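Whatever order the structure lists ligands and atoms in, that order sets their numbers, starting from 1. Computed from a predicted structure; not experimentally measured.
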Amino acid sequence: MRAIVYSETGDSGVLRLTDRPVPEPGPGEVRVRVVRSGVNPTDWKARRGALSHPEAVPNQDGAGIVDAAGPGVTGVAPGDRVWLWEAAWGRPDGTAQEYVVLPERQVVPLPGGASLDLGASLGIPALTAHRCLTVAEGGPDRLAPGALDGRTVLVAGGAGAVGNAAIQLARWAGATVVTTVSGPEKAALARAAGAHHVVDYRTGDPAAAIRAVAPQGADIVVEVAPAPNAALDRAVTAPQGVVAVYANNGGDEVALSVRELFTRNIRYQFVLVYTVPDAAKDAAVADVRAAVEAGALRVGEEAGLPLHHFPLERTADAHDAVESGAVGKVLVDVAPE
Ligand SMILES: NC(=O)c1ccc[n+]([C@@H]2O[C@H](COP(=O)([O-])OP(=O)(O)OC[C@H]3O[C@@H](n4cnc5c(N)ncnc54)[C@H](OP(=O)(O)O)[C@@H]3O)[C@@H](O)[C@H]2O)c1
């Protein structure tokens, strides 16, 4: 089978196309014929980081068709359309290859109406967004229609991949959704994702603009840039609110005004999708699956997430596109459906 691998870390030039034997599933494992591989910032960051296996296939997310199931697999069967999550976490085998073998837990059925493009866009962004939306004081710890009724969610960077998933999941769960963006093109995408209110954080007084539409403040802030947004978050987070930080865009050190934050019992929750507790991860997978079944998670320009396709042999270009800040979702076409 065709696979993209790297055996040294560095820029995208370390990625090469090679042939590998098709792997066999063991007990509790599923072999998936990968159709689409999703690219996230974590994939190029891992490729630039420390090599943890002599040879690695990149990309955590993907979607395809179940091809074979090992002994003891009960939840999926050959022919099922599925999405995959964290394929390359702690393993040498990501989704930039024609077949991947994964534990059944990481292989999730996709309903008939959902595209494989959607499936390959879910894993990292949607599971991260779910975690950010479920760490507030008093819950909810599950997302479903009504779970966030009466709550206000502020999504920093609503045109980003995680931001887009956060907007869609928060809307599905009943929240009032406010988001920040850096300009009109991204504002249109955030609105298409379903945000009720969109604020340009680069012009005027974004805190006043957010307070104008959410006078009580945000109960949950889904934060991609905690350092540059520290003052804004302090100004707009409601008492007992939470700032859920999932990235360090714009700086790794955050200056917090402790007195102002403790006075209002504001919580900072840091989020890394890979190390979310198992029970919370299982809940996230189940809720994201339910949101997909309900048609509440979508991709494409009309859903605020333009798609950019690259063939498998151009996986390096797909990585470069993500690294240089492509707006939307970058997908690798591994094989025809
Ligand atoms: N902790 C985790 O588990 C986890 C999971 C997924 C992703 N991440 C990390 O999260 C980051 C985003 O990932 P992604 O896939 O969503 O990337 P993406 O699609 O490139 O989105 C990043 C977004 O952040 C926005 N942004 C940057 N600075 C901002 C600011 N000061 N205020 C508001 N928005 C701002 C950008 O918008 P503008 O350019 O318009 O400002 C852009 O829309 C990456 O660093 C990634 O590694 C972490």
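Interface atoms of ligand 1 facing V162, defined by a heavy-atom separation under 4.0 Å, are 6 (C), 7 (C), 16 (O). Of all atoms in ligand 1, listed by their number and element, those nearer than 4.0 Å to a heavy atom of K186 are 37 (O), 38 (P), 39 (O), 40 (O). Close approach of ligand 1 to V271 is summarised as follows: ligand atoms under 4.0 Å from at least one heavy atom of the residue are 1 (N), 2 (C), 3 (O). Listed by number with element, the atoms of ligand 1 under 4.0 Å from a non-hydrogen atom of N249 are 11 (C), 44 (C), 45 (O). Annotation for ligand 1: atoms under 4.0 Å from non-hydrogen atoms of A159 are 43 (O).
Distances from ligand 1 to the non-hydrogen atoms of G325 include no value under 4.0 Å. Ligand 1 lies nowhere less than 4.0 angstrom from a heavy atom belonging to K329. Judged by the shortest distance from any of its heavy atoms, T180 lies inside the 4.0 Å radius around the atoms of ligand 1.
When the heavy-atom distances from atom 40 (O) of ligand 1 to G163, P41, S182, G250 are ranked, the shortest goes to S182.
Here Y201 has side-chain heavy atoms under 4.0 Å from ligand 1, and that is the only part of it that gets that close. Under 4.0 Å from ligand 1, heavy atoms of V273 appear from its side chain as well as its backbone.
No N or O atom of Y274 sits closer than 3.5 Å to an N or O atom of ligand 1. Of the polar atoms of G328, none of the N or O atoms is found under 3.5 Å from an N or O of ligand 1, judged by distance alone. Between A161 and ligand 1, at least one N/O pair is under 3.5 Å apart.
Side-chain contact annotation: H53 with D93, donor-acceptor N/O pair under 3.5 Å absent. Residues T134 and D141 bring no donor and acceptor atom of their side chains to less than 3.5 Å of each other.
Taking a cutoff of 4.0 Å between a charged side-chain nitrogen and a carboxylate oxygen, D117 and R36 qualify as a salt bridge.
The stretch residues 202-222 participates, sequence neighbours left out, in no side-chain hydrogen bond (donor to acceptor under 3.5 Å, both in side chains) pair at all. Sequence neighbours left out, the pairs with a member in residues 230-242 that pass side-chain hydrogen bond (donor to acceptor under 3.5 Å, both in side chains) are R234-E260.
Taking 4.5 Å as the limit, some side-chain heavy atom of T152 sits within range of a side-chain heavy atom of V178.
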